[in-house]
Every structure is written in structure tokens, then in C-alpha cells.
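Everything on this sheet refers to the single structure shown next.
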Amino acid sequence: MNYYDEIEKLKKEKDVLILAHYYVNDEVQDIADKIGDSFQLAKEAQNATNKIICFCGVHFMGECAKILNSDKKVIVPDINAGCAMADMVDIEAIKNVKKSAPDTAIVSYVNTTAEVKSYSDVCVTSSNAIKIISQIPNKNIYFLPDRNLGSYIAKQFPEKNFSFNPGYCKYHNFVDEKEILELKKDTGYDVLVHPECREEVVELGDCIGSTKALLEYVKETKKNGYIVCTEEGIIHQMKKVCPDSIFISPKSMNKCSDMKMNSIEKVYNAILNEGPEIILDEKMSKRAFIPLKRMMELG
């Protein structure tokens with residue numbers, strides 16, 4: 001079976017929009033209508049006119065699309081594609097912060113569950129967090145779930161008081177500083193770093209930013225080579241904008257096993273069967289819509 005041809009037929013028959021994150025398998029990126037980072041895809045989902053959205057990423061991304069499009073059917077290739085970092089949030093801790101420090105803004109990275117969003121004041125992504133927090137009047141910020149991204153953002157706002165949830169990405173967090181230093185010494189290539197990495201790795205970056213920002217840097221600079229300290233799926237797009245460059249994915253930067261659960265066969269089956277479908281509690285979804293809407297407005 002030619003999955004590409006069959007998916008194209010089904011998309012037209014069923015009025016489906018396929019969204020894919022930069023970290024999914026190359027073959028899925030190539031069949032997608034829109035590819036992007038979390039913020040780009042949230043905007044695409046919000047503006048979608050199709051009856052069905054097929055979101056190729058991880059579970060919280062499908063939830064975001066559903067929250068922003070309660071009247072649409074949102075399906076995912078694999079319902080079990082989750083995010084360990086999103087599961088590292090203690091709801092009781094958020095409740096305690098709200099109770100003990102009501103003047104604290106609860107700022108949630110978009111990499112959180114719908115339930116966590118429903119307790120948040122505003123959502124952010126790695127591409128818009130600094131812009132959004134600069135517009136928040138609160139001096140006290142509780143940032144979750146990623147302590148690494150939170151610490152990076154906090155450095156941009158010395159006038160604010162940040163506290164953090166102790167979560168982290170189980171891939172970015174373990175990129176090895178020594179390996180990056182050795183690669184940089186051996187090659188002289190620019191180091192591209194996502195701020196979900198630990199501080200000592202972020203400090204080595206020639207470009208620090210979201211996956212979209214790293215891609216734009218490659219597009220603008222077109223250098224001989226790059227050391228890519230984020231999930232290797234983005235390299236597929238980097239090679240398209242800069243085919244003559246060499247891209248090195250560090251050994252300590254492992255592939256995201258959840259993102260890679262999205263396969264072309266699963267995309268086909270999801271569209272054919274119109275499922276698995278993202279189903280959310282209506283009341284919770286309405287509460288979660290508020291911080292997401294605020295993100296879209298401020299970001």
C-alpha cells in the first residue's frame with residue numbers, strides 16, 4: 001500500500017488537517033499539512049477550518065488542539081504517545097501555591113496536561129515565554145513543569161521572583177556538557193541548544209531557542225556545520241533549508257521515543273478510523289481554554 005497516496009485521498013474525503021511536530025518521524029513530517037513547534041501548531045490548530053484535526057506529536061499537543069477547537073474532532077496516531085515531563089506536575093503543589101501565595105502567577109509551559117492548564121493563569125512555549133512573561137504584572141512566578149526552561153527564563157527577569165516545579169525533559173536534561181565541548185573543539189561548528197537542556201549546556205549555545213528559532217538560525221547563517229542539542233527530528237527540516245551543511249546529533253541527545261510512536265501507518269489508520277480521538281471533560285476544557293487563549297493573545 002502507498003500510504004502517502006491513500007492518506008491524501010482520505011484527507012480530501014474527510015476534510016482532515018494533519019499537524020506534525022518537528023520531532024516526529026521524517027515520513028510523518030513529509031505527509032503533514034503544517035509542521036512546527038508547539039506554538040506554531042497551536043496557532044494552526046486555532047485557525048483550522050477543517051472538520052478533523054490529526055495531530056502528530058504527543059498527547060498534550062492533541063489536548064491543546066481540542067481545547068482550542070471544542071467543536072472539532074481531534075485525533076492522534078497513537079493515544080499512548082505521552083510526555084514524561086508533562087506528568088511531573090503535582091496538582092496539589094499548584095493548589096498550595098494558589099492558597100499560600102495568591103499574588104503568584106501560575107505560568108505553565110504548554111508541555112502540560114489539560115488538567116494542569118486548567119489551574120494555570122497563562123501558558124507559554126519556549127518560543128514565546130519571554131515575550132509573555134514580560135507582559136505579566138505579577139512579581140512572583142511559579143513556573144512548571146520544566147525547571148531548566150524556567151531557570152533560563154528567570155535569568156531574563158532579575159526583577160521577578162521565580163519558583164519552579166522540579167520537572168525536566170528526560171531527553172534534553174541529559175545532554176552531556178563534556179561531549180558538546182569536545183564536539184565543538186573537534187569541529188568548530190556552531191552549537192544549537194534548546195533551553196530544556198541544563199544550564200551548563202545552554203551556556204555553550206551559539207543559538208539558544210525553540211526548535212523554530214534553531215531552524216531559523218540555520219536558514220539565516222548557512223554555516224558548514226551545526227551541533228544540534230535538541231531532538232534529532234528537527235534535522236530533517238534543517239537539511240531542507242541548508243542541504244550543504246553537516247548536522248551532528250550528540251550521542252547524549254537521545255531520540256524521543258514518544259514522538260517516534262507516530263508512524264505513517266498509524267496516521268493512515270487514525271484518519272481511516274477517525275480515532276483514537278481526544279476526549280476531554282467539558283468543564284476542565286473550558287477552564288484550560290483561558291490560559292491558552294491568553295497565550296495566543298500575548299504571544
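Since the model is a prediction, treat every value here as computed from it, not as a measurement. These values consider heavy atoms only, across backbone and side chains, with no hydrogens, waters or symmetry-generated copies.
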Go through Phe39 and Ser127 one step at a time and tell me if the side chain to side chain contact (heavy atoms under 4.5 Å, CB included) criterion holds.
-> CA-CA 7 Å; Phe39 186 50; Ser127 63; 3.4 Å; yes
Could you check Lys170, Lys255, Lys260 and say which one makes a salt bridge (charged side-chain N to carboxylate O under 4.0 Å, His left out) with Glu231?
-> Lys260
Approximate separation, where rounding is to 0.5 Å, of Glu277 CD and Lys72 NZ | 13.0 Å
Using links of under 4.5 Å between side-chain heavy atoms of ILVMFWY residues, direct or through other members, which residues join Val116 in one cluster?
-> Val89, Ile91, Ile94, Val97, Ile106, Tyr119, Tyr142, Leu144
In terms of heavy-atom contacts, Val28 and Ile264 come closest through CG2-N, 3.7 Å
Can you list the steps and then say if Tyr3 with Tyr268 is a ring pair (Phe, Tyr, Trp, His ring centres under 6.0 Å)?
-> CA-CA 7 Å; Tyr3 285 115; Tyr268 168 76; 5.5 Å; yes
From SG (Cys169) to CE (Met88), nearest 0.5 Å | 8.0 Å
Distance col, row Phe55:CZ vs Leu17:CG, nearest 0.5 angstrom, shows 9.5 Å
Side-chain contact, heavy-atom cut-off 4.5 Å: Asn224 with Ser245?
-> no
In terms of heavy-atom contacts, does NZ of Lys266 have more than 12 from other residues, nucleotides or ligands at under 6.0 Å?
-> yes
Intermediate values then yes/no, side chain to side chain contact (heavy atoms under 4.5 Å, CB included), Lys223 and Val218 | CA-CA 7 Å; Lys223 296 193 175 183; Val218 169; over 6 Å; no
Neighbour count >12 (heavy atoms, 6.0 Å) for atom NZ, Lys286 = no
Take Tyr109 and Ser126 through the test side chain to side chain contact (heavy atoms under 4.5 Å, CB included) and record every step on the way to the result.
-> CA-CA 8 Å; Tyr109 193 18; Ser126 54; 3.9 Å; yes
With the threshold set at 4.0 Å, does a side-chain nitrogen-carboxylate oxygen contact exist between Lys95 and Glu92?
-> yes
Do you see a donor-acceptor pair shorter than 3.5 Å between the side chains of His194 and Thr211?
-> no
To the nearest 0.5 Å, tell me how far Ser108 OG sits from Met295 CE.
-> 11.0 Å
Given side chains that start at C-beta, do those of Ile248 and Tyr226 come closer than 4.5 Å, heavy atoms only?
-> no
In Å and rounded to the nearest 0.5 Å, what is the CE to SG distance from Met61 to Cys83?
-> 7.5 Å
Apply side chain to side chain contact (heavy atoms under 4.5 Å, CB included) to Ile227 and Phe247, showing your working.
-> CA-CA 6 Å; Ile227 300 163; Phe247 297 94; over 6 Å; no
Quick one: do Lys185 and Glu182 make a salt bridge, cutoff under 4.0 Å?
-> no
Roughly how far, to the nearest 0.5 Å, is CD1 of Ile271 from CD of Glu274?
-> 10.0 Å
Any side-chain heavy-atom pair of Phe60 and Thr112 under 4.5 Å | no
